[in-house]
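So the structure is just underneath, and the comments pick up after that.
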Amino acid sequence: MINQENLHKELSVGQLAERSGVAVTALHFYEAKGLIQSNRNQGNQRRYPRYMLRRVALISVAKRLGIPLEDVKNAFADVPLTTAPTHADWQRASRTWKKAL
């Protein structure tokens with residue numbers, strides 16, 4: 001049975017790195033570039049909403065395709081960092097990138 005409390009639990013930077021396969025330093029870099037966003041706990045440690053996994057996956061795919069991070073940021077500029085990209089957001093970005101590729 002799924003523990004409902006864990007579904008809404010935020011991820012540490014290490015957990016996000018492990019689940020996404022992206023190095024902690026890369027996550028810090030993406031955050032500095034405004035591609036992802038964390039919250040800070042009382043100990044000033046980064047905590048990421050679970051939906052940031054989707055954003056990191058998107059960045060990883062774009063990176064493998066040779067799409068510059070600035071283009072990724074521009075493609076999702078109208079999607080707030082406080083929500084997960086929707087299917088429509090992904091489709092719009094993929095159409096733009098398809099033209100570029």
Side-chain angles (χ1 to χ4, degrees):
M1 186 167 159
I2 296 175
N3 183 341
Q4 292 296 320
E5 187 175 311
N6 286 339
L7 286 176
H8 302 291
K9 185 178 174 184
E10 293 182 318
L11 303 171
S12 70
V13 69
Q15 290 169 322
L16 184 62
E18 182 180 337
R19 291 181 184 199
S20 67
V22 173
V24 169
T25 54
L27 294 173
H28 291 172
F29 179 76
Y30 296 159
E31 188 169 353
K33 293 291 185 185
L35 295 165
I36 62 174
Q37 179 177 313
S38 68
N39 302 311
R40 297 291 181 137
N41 68 9
Q42 290 180 337
N44 202 34
Q45 296 171 327
R46 287 177 170 91
R47 293 292 183 255
Y48 295 90
R50 296 177 71 79
Y51 62 79
M52 271 313 147
L53 279 167
R54 289 185 191 173
R55 287 187 178 269
V56 174
L58 172 107
I59 295 165
S60 296
V61 168
K63 186 177 167 186
R64 277 184 260 145
L65 293 172
I67 297 167
L69 292 178
E70 193 62 32
D71 290 353
V72 175
K73 185 175 180 177
N74 291 338
F76 291 92
D78 62 339
V79 180
L81 287 170
T82 55
T83 63
T86 65
H87 179 73
D89 296 327
W90 285 69
Q91 291 297 316
R92 187 179 61 251
S94 67
R95 281 192 302 273
T96 300
W97 294 338
K98 186 177 180 180
K99 292 174 191 173
L101 295 173

Nearest heavy atoms of V79 and P85, plus distance in Å: CG1-CA, 4.1 Å
Note: G14 and V24 closest approach over all heavy atoms is CA-CG2, 4.4 Å
Can you hop from Y30 to L81 via hydrophobic side chains spaced under 4.5 Å? no
Find the distance between [atom1] ([X]) and [atom2] ([Y]) and round it off to the nearest 0.5 Å.
X	Y	atom1	atom2	value
L58	I67	CG	CD1	8.5 Å
H28	S38	NE2	OG	8.0 Å
L35	L27	CG	CG	11.0 Å
Q15	L53	CD	CG	10.0 Å

Pick out which of R50, R54, R55 makes a side chain to side chain contact (heavy atoms under 4.5 Å, CB included) with M52. R55
Can you tell if the side chain of V22 reaches within under 4.5 Å of the side chain of I59, non-hydrogen atoms only? no
Any side-chain heavy atom of K63 sitting closer than 4.5 Å to one from V72? no
Between K33 (side chain) and L69 (backbone), is there a donor-acceptor pair under 3.5 Å? no
May I ask you to decide if T82's main-chain N or O and Y51's side chain share a donor-acceptor pair within less than 3.5 Å? yes
For R92, salt bridge (charged side-chain N to carboxylate O under 4.0 Å, His left out) partners two or more places apart: D78, D89
Please name all residues satisfying salt bridge (charged side-chain N to carboxylate O under 4.0 Å, His left out) with R46, sequence neighbours left out, ordered by chain then number. E31
If you count the non-hydrogen atoms of other residues, nucleotides and ligands that lie under 6.0 Å from CD in E18, is the total more than 12? no
